[in-house]
Amino acid sequence: MPLIPLSTWDLAIAGLLLLVNGALSVAMALRLERPLFLAAVRMVVQLSLVGLVLNQLFALRSPWLTLGMAAVMVGFAGHEILGRQDRRLSGGWTYGLGAGSMAFAASLVMVLALTTAIRPDPWYDPRYAIPMLGMVLGNTMSGVSLALNTLSNAAVRERAAIEARLALGSTRWEALRTQQRQALRTGMMPIINGMAATGVVSLPGMMTGQILGGVDPGEAVKYQILIMFLIAGATGLGVLLATFGAVHRLTDARDRLRLDRLNAYDR
C-alpha cells in the first residue's frame, strides 16, 4: 500500500489537540500554555527546514555535505547536553566532554552499521546515514546528559565520603567508583527500559514509519532491532567515555577532589 499523503489541513486538525492542552494549562494555572505554543512552533519550523535541507542533501549525495550535516547535529546535541546540567564543569569541559563522547560513540557505531549491516551505495548515502544518526544521537545525548548530571551531583552530595576514601589512600578512580557506577546506571537506564518495552508497550517511530510507508512488517522489525542495538551500543560507549572524563576532570593527578572545577558548586 502506498504512503497516504497528509495535507496542511490534516496537520491542523491534529494541532487542535495542543489547544486542548493549552486550555487545560490555563484552567489549572499551570502556566505551560506559552512554552507549549513556542515548542510547537519551534518543532514545525525546525522540521520544515530540515525537510528542505534533506531533499537537497539526498539529491546531491555528497560525503562532505553529509559530514557537515552530521557535525551540525552533533553541535546542537552537545548544546542540549550542556543545558541539562545542574552543575557544569568549568570552561568548555561540559560541552566538549559531552559532545566529544557522544560524537565518537555515534560515529563508531554508524560507520560499523553502514559498512557491514546496511551497505548502501555509496556507504555514506545520506538517505540512510542522516536519519539513523539522528536516532542514535538523540538517545545517546539523553544517556550522556543524565550520566554527567548524576555524577556531578553525586560528587557534591557525597563529598565527605569521597574525600575520606582519598585520605585513606584510595586513588581518584577508587574513591569515585560508587558515584561513577551510579552515573553509568542512570545513563543506561533509558535505553534498557526502551528495549524492554519495545514491541509490547510501544511500536518505535522508525518501525511505524516504515510500515505506514508500505514496507513489509518483518523487514521493518529487522531495521528496528538494528537501530535499537546501535542506540544501545552508542549510549553505553558514550556514557562510559563521559563519566571517565568527568572523573578525570573532578580530580587531579595528586588524587584530590576538585569541586572548584564545577561552575555551580556552592562552597
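Quick note: numbers below take in every heavy atom, side chains included, and nothing from hydrogens, waters or symmetry partners.
Between Asn263 and Gly91 the shortest heavy-atom distance is ND2-N, 4.4 Å. Across all their heavy atoms, Arg31 and Ser25 have their closest contact at N-OG, 3.5 Å. Between Glu80 and Met141, the shortest heavy-atom distance links the atoms CB-SD, 3.4 Å. Scanning all heavy atoms of the two residues, the minimum distance from Val74 to Ala99 falls at CG1-O, 4.1 Å. Considering all non-hydrogen atoms of both residues, Leu97 and Leu148 come closest at CD2-CD2, 3.9 Å. Smallest separation of non-hydrogen atoms from Trp123 and Thr115: CE3-CG2, 4.1 Å.
Relative ring orientation between Trp173 and His248 is described as parallel, the plane-to-plane angle staying below 30° on a 0-90° scale split at 30° and 60°.
A 4.5 Å side-chain heavy-atom check between Gln224 and Ile227 finds at least one atom pair inside the cut-off. Side-chain contact between Met132 and Met110 is present, with at least one heavy-atom pair separated by less than 4.5 Å. With contacts defined as side-chain heavy-atom distances shorter than 4.5 Å, the pair Leu89/Leu262 qualifies.
Side-chain atoms of Ser7 and Asp10 form a donor-acceptor pair, as typed in the model, at a separation below 3.5 Å.
Taking CD from Gln179 and OG1 from Thr243, the interatomic distance works out to 12.0 Å, rounded to the nearest 0.5 Å. One distance of note links CG of Asp255 with OG of Ser170; it measures 9.0 Å at 0.5 Å rounding. Note: Arg159 CZ to Leu259 CG = 6.0 Å, rounded to the nearest 0.5 Å.
Taken together through direct or relayed side-chain contacts under 4.5 Å among Ile, Leu, Val, Met, Phe, Trp and Tyr, Leu19 and Leu32 form parts of separate hydrophobic clusters. Taking hydrophobic clusters as Ile, Leu, Val, Met, Phe, Trp and Tyr residues chained together by side-chain heavy-atom distances below 4.5 Å, Val136 shares a cluster with Val111. Under the 4.5 Å side-chain heavy-atom criterion for grouping Ile, Leu, Val, Met, Phe, Trp and Tyr, Leu146 is not connected to Leu237 through any hydrophobic cluster. In the hydrophobic cluster analysis, where Ile, Leu, Val, Met, Phe, Trp and Tyr join through side-chain heavy atoms closer than 4.5 angstrom, Val144 is grouped apart from Leu82. Linking ILVMFWY residues whenever their side-chain heavy atoms come closer than 4.5 Å, directly or via other members, leaves Leu67 and Phe104 in distinct clusters.
Residue-environment remark: CZ (Arg181) stays at or below the threshold of 12 foreign heavy atoms within 6.0 Å. Environment of CZ in Phe229: sparse, with no more than 12 heavy atoms of neighbouring residues, nucleotides or ligands closer than 6.0 Å. Counting heavy atoms of neighbouring residues, nucleotides and ligands inside a 6.0 Å radius, atom CZ of Arg256 exceeds 12 of them. Other residues, nucleotides and ligands contribute more than 12 heavy atoms inside 6.0 Å of the OH atom of Tyr95.
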Does the pair Leu226 and Ile118 meet the rule for a side-chain contact (heavy atoms from CB on, under 4.5 Å), with working shown? CA-CA 10 Å; Leu226 173 65; Ile118 302 176; 3.8 Å; yes

Would Glu174 and Arg165 count as a side-chain contact (heavy atoms from CB on, under 4.5 Å) here? Give the steps. CA-CA 8 Å; Glu174 294 169 341; Arg165 287 193 286 270; over 6 Å; no

side-chain contact (heavy atoms from CB on, under 4.5 Å) evaluation trace for Leu212 with Thr208: CA-CA 6 Å; Leu212 291 176; Thr208 302; 4.1 Å; yes

Could you walk me through whether Asn21 and Leu17 pass the side-chain contact (heavy atoms from CB on, under 4.5 Å) test, one step at a time? CA-CA 7 Å; Asn21 290 341; Leu17 297 173; 5.5 Å; no

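Screening Arg87, Gln85, Glu158, Gln182 for a side chain to side chain donor-acceptor pair (under 3.5 Å) involving Asn153 leaves a single residue, Arg87.
Panel note: side chain Thr66, backbone Ser62; a donor-acceptor pair is recorded below 3.5 Å.
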